[in-house]
Structure formats: structure tokens, C-alpha cells
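Input: a single structure, listed below in C-alpha cells.
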There are 2 protein chains.
Amino acid sequence: MQFKPTPGRPGRLPEPRSPIADDGDETRFCGTCAFSSACIAAGYDKPELAELQCLVEHVGPFRVGEHIFRTGDPFRAIFAVRSGTVKTRMVDKEGREQVLGFYLPGEVIGLNAIYPEHFPCDAVALDTAYFCRFSFPAMSALASRVPAVQQHLFRMLSKELGTASLLAGDHSADERVAAFLLDLGNRYAVRGFSGAQFHLSMSRGDIANYLRLAAETVSRVLSRFRAQKLIAIEGRELELLNVAALRKIGEALLPD
Amino acid sequence: MQFKPTPGRPGRLPEPRSPIADDGDETRFCGTCAFSSACIAAGYDKPELAELQCLVEHVGPFRVGEHIFRTGDPFRAIFAVRSGTVKTRMVDKEGREQVLGFYLPGEVIGLNAIYPEHFPCDAVALDTAYFCRFSFPAMSALASRVPAVQQHLFRMLSKELGTASLLAGDHSADERVAAFLLDLGNRYAVRGFSGAQFHLSMSRGDIANYLRLAAETVSRVLSRFRAQKLIAIEGRELELLNVAALRKIGEALLPD
DNA sequence: CGGCTGCCTTGATCCGGATCAATTGCGCCA
DNA sequence: TGGCGCAATTGATCCGGATCAAGGCAGCCG
């Protein structure tokens with residue numbers, strides 16, 4: 001439906017000017033992508049390169065609110081975010097939305113569809129977004145021949161298993177919000193963006209839904225954190241002013 | 001530590017008499033194991049069999065409270081539950097426990113350790129429990145040569161990604177408990193046990209912790225469900241009397 | 001320009017489940 | 001057999017966050 005791949009050429013992208021977009025330099029993007037080790041380890045000097053090239057397809061742009069995939073779509077590929085932001089969500093039969101996660105440039109969506117063979121959730125663009133699309137059958141076939149690719153897939157899947165922890169536990173609104181902000185910051189930092197100052201691509205409602213809070217509660221907590229000079233926030237522009245204090249608040253939810 | 005593999009022989013097990021234990025008939029057990037398709041598809045008539053045999057090691061028994069692995073242990077293998085029940089849990093630095101999941105015969109633990117290369121959680125026996133231990137390096141190597149094994153690993157990992165949903169969402173205590181009981185029943189049924197009448201190997205406290213409720217709340221909900229004739233429960237012996245009604249209560253959390 | 005529509009913020013009230021507390025029941029061991 | 005300890009149940013109270021309600025603010029379009 002809203003699925004509009006570009007003509008399928010890995011050429012220069014049409015003006016990706018989101019603040020978190022890559023600058024059009026593919027090598028630089030690939031350095032920050034979750035697949036980098038798979039793509040690069042496969043070796044640009046090896047014969048496998050040709051296959052990797054042909055199994056990757058650049059798709060986009062998707063505009064705000066457009067679906068990258070929908071619940072029930074047959075699973076054929078996974079997607080690495082090149083630029084923009086995505087939320088994944090389930091909608092239950094009463095029509096209530098359930099946000100499962102947010103995905104930043106360099107991160108990968110669709111892994112939870114391998115087993116059911118159909119996407120179990122929607123993926124919706126929160127920004128104008130571009131992707132690398134990896135055909136999964138081709139990827140598995142490649143993985144059989146290139147152990148580095150296989151290992152990379154295992155690791156990505158396993159890594160995602162550890163990501164449920166922000167939701168787990170009965171934690172206070174303060175803890176959740178602090179941990180959420182720090183997690184986002186870390187993930188931006190890992191991908192080479194500023195981890196202290198960034199744009200929240202998602203609405204307060206989406207954050208609240210993801211954290212299992214009411215939107216009003218998120219708003220109140222953010223206001224309080226601002227009053228306490230832990231953060232500066234104006235609309236969706238955020239700056240982390242006192243990471244140490246935030247970490248203290250959210251520590252029960254954070255790694256180490 | 002408490003890690004005591006049996007002499008490493010796939011012979012008959014020493015009296016596994018838990019109601020959910022396999023009866024010592026290995027073929028029958030393997031038919032219900034999550035690995036069955038991997039083990040069986042590998043083919044008892046193919047040369048790979050030899051490798052599969054040598055990468056599987058039978059370990060156990062583990063007694064109530066003993067650890068199969070501990071947080072921080074280096075990751076070398078995954079474990080399929082042969083009989084008994086296991087909980088996985090994290091303990092934060094304040095010493096609070098967080099139950100991540102319960103694993104029944106035929107299910108697999110340890111997949112979330114692939115990426116970090118160390119176990120990110122403890123696995124604790126709730127019953128006397130026996131396992132098949134699969135060396136992961138050997139398993140990956142085999143997966144490279146046998147596509148069915150690789151695919152099976154991908155599917156198991158992906159499947160586990162979908163399992164966070166019982167916790168997700170802000171759902172009422174009734175919804176959570178109903179969904180939990182039905183989920184357990186389904187999982188027993190899939191493995192060939194009774195899905196309507198079974199033993200809860202875990203304490204009320206563990207259930208509560210897993211569902212992010214207080215133990216008192218779980219107790220109250222179970223008492224109410226009993227009063228409403230939805231279940232019969234005495235201690236840890238449970239019977240589902242009105243599955244349809246339970247399904248209605250828990251539907252927001254359940255598949256389809 | 002003016003009205004409309006989302007999104008966000010802030011205030012007031014309410015309720016589900018946590019917490020505190022007391023009791024019972026059961027298995028275990030001396 | 002009695003006593004100890006742990007798990008479970010049940011009751012009473014309390015509180016964090018949901019819900020309801022009322023603006024504020026920015027972008028959009030006629």
C-alpha cells in the first residue's frame with residue numbers, strides 16, 4: 001500500500017535532511033549500521049560482496065505515519081533504518097495500540113517475524129525514513145556460506161531478546177522516563193550522533209504507551225525533570241543536563 | 001558450582017517422576033522437544049547424526065533452587081529442558097529479583113546469552129530438572145552445514161522475541177493472571193501434557209513477580225477465579241474449569 | 001485573518017493494586 | 001509430637017498514577 005520502494009538503486013538518496021539522517025555518504029552510514037560487521041566482514045574484496053549487494057535494496061522515503069510493514073504481511077525481509085525513526089506496535093482487537101519499540105538509524109526491524117513468517121506488528125515511520133531492505137531468504141542462504149553473517153544474525157536476534165527490560169519490572173514513572181531518555185541517548189551515541197542533545201521523534205503519547213504510563217504522567221515527569229534542571233526540553237528538542245542524576249534515578253532499569 | 005552434569009551418558013534417567021517429566025523414553029521426549037526438528041531433521045540416517053550426538057550432553061538432575069547457570073557465567077551452551085521447570089531471573093544491584101520467564105519441558109533457555117557472550121540472567125530449577133546441553137560453538141558450526149539447523153535456530157530466537165507480550169501493556173491483574181494460566185496450559189498442551197490440569201511449579205511470589213503484581217494480588221485473583229468456578233486450585237494443583245471465560249478475561253493479552 | 005485540529009501541559013479527583021498486618025496451613029526436623 | 005519456618009490467604013489502609021477536565025500553543029487551511 002504505502003509501500004513505495006525507490007527505483008531500487010543504491011544511488012545517492014534524495015535529500016535526507018532529518019537531523020539524524022546520514023549525510024548521504026554510504027560508507028559512513030554503513031559504519032554505524034547494525035549490519036556493518038556483516039556487510040563489511042563479508043569483505044568488499046571477496047566474491048560474496050556481489051551477493052550482498054544484490055540482497056540489499058534501498059527503500060524509501062516513507063513519510064510520517066506511513067507503514068513499512070503491517071501486521072499479517074508475509075515475512076520476506078528485514079529492514080535496517082538508514083535515516084529517520086520507526087515505531088513498532090501491535091493493535092489489539094479492541095483497537096488499543098501497544099507500542100513495542102522505537103528504532104533509530106542503524107537499528108534493524110522485522111526480526112520478530114522470522115518465526116511466525118508473518119509480521120506480528122506494524123512498523124510506522126515517525127520521521128521521513130529510509131531503509132536498507134535485506135531479503136531474508138537470500139540472507140539465510142548467505143549465512144550458510146559465510147559464518148560471519150550467520151553469527152551476526154544470531155547476535156542481533158539475541159541482542160534484541162535483552163531489550164525488553166525497559167518495560168519489565170514494576171518501576172515508578174520517574175525511573176521509567178529517566179531510563180528511557182538515557183537509553184535513547186546511548187543509542188544515538190553508539191551510532192555516532194550526540195547522545196546528550198537530540199530530537200524526540202515520537203509524541204508524548206507514544207512514549208507513554210511504550211513505557212506503560214499515561215501521556216499526562218510523562219508530561220508531568222518531564223516538567224519536573226526540567227524544574228530540577230536534569231534536562232532541558234522544549235517541545236521535542238531534548239538536552240540531558242545531568243546524566244549522573246538521571247542515571248541514579250533510572251539505575252534499577254539500566255544495564256550494570 | 002551446583003553445576004553437576006551426570007557422567008555424560010545418554011542412558012536412562014534416574015527416576016524422573018515429576019508429573020511433567022518425560023517417562024525416560026528418549027524418542028518420545030525428543031518428539032516434544034523444541035529441538036526435535038533440528039535433531040530429527042538432521043536425520044538419524046545421515047552422517048550429521050554423529051555430530052549431533054556429540055554436541056548434545058545430558059545434564060542433571062538439578063534440585064529445587066539450584067542454578068543451571070548464573071548471571072555473568074561465560075556463554076558456552078544452550079539448554080533444552082528435558083523434565084522439570086526453570087525460572088530465569090535478573091537480580092538488580094539493590095537485590096530485587098525480577099522473574100523473566102518460566103520454562104517447561106521441551107523449551108530452551110540461554111538464547112539471550114549469545115550476544116553478550118555471558119549469561120545475562122540466572123536460571124534456577126523450580127523442580128528436579130534434567131536438560132539436554134547443546135554446545136553453542138558446535139551448534140553454530142553444524143548450522144553452517146545443515147540449513148535446517150540454522151533455520152531452526154533463527155526460528156527459536158525469533159519466537160522468543162514474541163514472548164514478551166504477557167508482560168507488556170498496562171493490563172489489570174485479572175487479565176494478567178487469566179492470560180498466564182492459559183499460556184501455561186497451552187504450552188503444556190503443545191508438549192503433549194494436559195493443558196487443563198497441571199501443577200504450578202512456581203510459588204505465588206514468582207508468578208506475581210513475573211506478572212508485575214504483588215503476591216497478595218495473585219492470591220486474591222486466584223481465590224476469586226475459584227469462587228467464580230473458572231478454576232479449581234488447591235495449593236499448586238490447578239485445573240482450568242472454564243477456559244472460554246478465562247480466554248475472554250485475558251483476551252487482550254493473548255494471541256489472535 | 002479566524003477557526004480548526006492535534007499535541008502538550010496542568011489541575012482535581014478517583015481507583016486498582018501495593019503495602020502493612022494478622023492468621024492459617026503445611027512440611028520438615030528434632 | 002511439638003515447634004519452627006515458609007507459603008499462602010485474607011483483611012485494612014494507603015498511594016501512585018489513571019482518568020477526567022480545562023486550557024494553551026502551533027500548524028494548517030479555507
Side-chain angles (χ1 to χ4, degrees), chain A residues 63-65 85 87 94 96-99 124 126-128 167 169-181 199-228 231-238 249-250 252-253, chain B residues 63-65 85 87 94 96-99 124 126-128 167 169-181 199-228 231-238 249-250 252-253:
Chain A
R63 303 289 171 191
V64 177
T85 316
K87 71 171 171 185
E94 288 82 28
R96 284 180 305 228
E97 181 176 359
Q98 168 84 246
V99 175
V124 181
L126 298 174
D127 273 332
T128 298
L167 316 168
D170 56 335
H171 294 285
S172 72
D174 285 24
E175 288 176 300
R176 282 171 202 266
V177 173
F180 173 73
L181 298 178
H199 178 81
L200 298 170
S201 325
M202 66 296 288
S203 71
R204 301 290 193 272
D206 283 338
I207 296 172
N209 187 307
Y210 175 66
L211 297 178
R212 319 310 166 204
L213 298 169
E216 295 92 330
T217 303
V218 169
S219 186
R220 278 184 250 269
V221 172
L222 291 175
S223 298
R224 187 149 31 77
F225 282 178
R226 176 174 43 203
Q228 295 168 179
I231 62 173
I233 188 168
E234 188 181 331
R236 295 188 180 182
E237 295 306 321
L238 176 72
I249 295 171
L253 285 148
Chain B
R63 304 290 171 191
V64 178
T85 316
K87 72 172 171 183
E94 288 81 29
R96 284 180 306 228
E97 180 175 0
Q98 168 84 246
V99 175
V124 181
L126 298 175
D127 273 330
T128 298
L167 317 167
D170 56 333
H171 295 285
S172 71
D174 285 23
E175 288 176 299
R176 284 170 201 265
V177 174
F180 173 73
L181 298 178
H199 178 81
L200 298 171
S201 326
M202 67 296 289
S203 70
R204 301 289 193 273
D206 282 337
I207 296 172
N209 187 308
Y210 174 67
L211 297 178
R212 320 309 167 202
L213 298 168
E216 294 91 331
T217 302
V218 170
S219 185
R220 277 184 249 270
V221 172
L222 290 175
S223 297
R224 186 148 31 78
F225 283 177
R226 175 173 44 201
Q228 295 166 178
I231 62 174
I233 187 168
E234 189 181 329
R236 296 189 179 182
E237 295 306 320
L238 176 73
I249 294 172
L253 285 147

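Throughout, a chain's letter reflects where its sequence line sits, starting with A, and its residues are numbered from 1.
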**OP:** Determine: side-chain N/O of A:Ser223 to OP1/OP2 of C:dT9, distance under 4.0 Å, yes or no.
**Re:** no
Original post:
If you look at every strand shown and take non-hydrogen atoms under 4.0 Å, does A:Arg224 touch a base, only sugar-phosphate, or nothing?
Top reply: nothing
**OP:** Using side-chain contact (heavy atoms from CB on, under 4.5 Å) as the criterion, point out the one residue from B:Leu200, B:Asp206, B:Val64 that pairs with B:Leu126.
**Re:** B:Asp206
**OP:** Check whether any side-chain N or O of B:Asp127 sits under 3.5 Å from a backbone N or O of B:Ser201 as a donor-acceptor pair, and report yes or no.
**Re:** no
Original post:
Given atom CG of B:Leu213 and atom P of C:dT19, what is their separation to the nearest angstrom?
Top reply: 11 Å
Original post:
Quick one: A:Ile233 CD1 to C:dT9 C1', roughly how many Å, whole number?
Top reply: 12 Å
**OP:** For B:Glu234 and D:dA7, give me the distance from atom CD to atom P, rounded to whole Å.
**Re:** 19 Å
**OP:** Indicate, with a heavy-atom threshold strictly under 4.0 Å, whether A:Ala173 touches base, sugar-phosphate, or nothing.
**Re:** sugar-phosphate
**OP:** Check whether the side chain of A:Glu216 and the base of D:dC20 form a donor-acceptor pair under 3.5 Å.
**Re:** yes
Original post:
Can you find a side chain N or O atom of B:Arg236 that sits less than 4.0 Å from OP1 or OP2 on D:dA8?
Top reply: yes
**OP:** Please report, rounded to the nearest Å, how far the P atom of C:dG17 is from the CZ atom of A:Arg212.
**Re:** 16 Å
Subject >> Whole-Å distance separating the CG atom of B:Asp170 from the C1' atom of C:dG17 >> reply: 13 Å
Subject >> Atom-to-atom span, CG of B:Asn209 to P of C:dA18 - whole angstrom >> reply: 11 Å
Original post:
Roughly how many Å is it from CD in A:Glu237 to P in D:dA26, rounded to a whole number?
Top reply: 15 Å
Original post:
Taking A:Glu175 for the side chain and A:Ser172 for the main chain, is one N or O donor matched with an acceptor at less than 3.5 Å?
Top reply: yes
Subject >> Proximity to the side chain of B:Ala214 - top-ranked nucleotide from C:dA18, D:dA18, C:dG17 >> reply: C:dA18
**OP:** Looking at every strand, decide which applies to A:Leu222 at a 4.0 Å heavy-atom threshold: base, sugar-phosphate, or nothing.
**Re:** nothing
Original post:
Short question: side chain of A:Arg204, backbone of A:Ser219 - any donor-acceptor pair under 3.5 Å?
Top reply: no
Original post:
When only distance counts, do a donor and an acceptor, one from the side chain of A:Arg176 and one from the base of D:dG17, lie under 3.5 Å apart?
Top reply: no
Subject >> d(CG, B:Asp206; P, D:dC6) in whole Å >> reply: 15 Å
**OP:** Any chance you could measure A:Thr217, atom OG1, to A:Asp174, atom CG, to the nearest 0.5 Å?
**Re:** 10.0 Å
**OP:** Check whether any side-chain nitrogen or oxygen of A:Arg220 sits under 4.0 Å from OP1 or OP2 of C:dG11, and answer yes or no.
**Re:** no
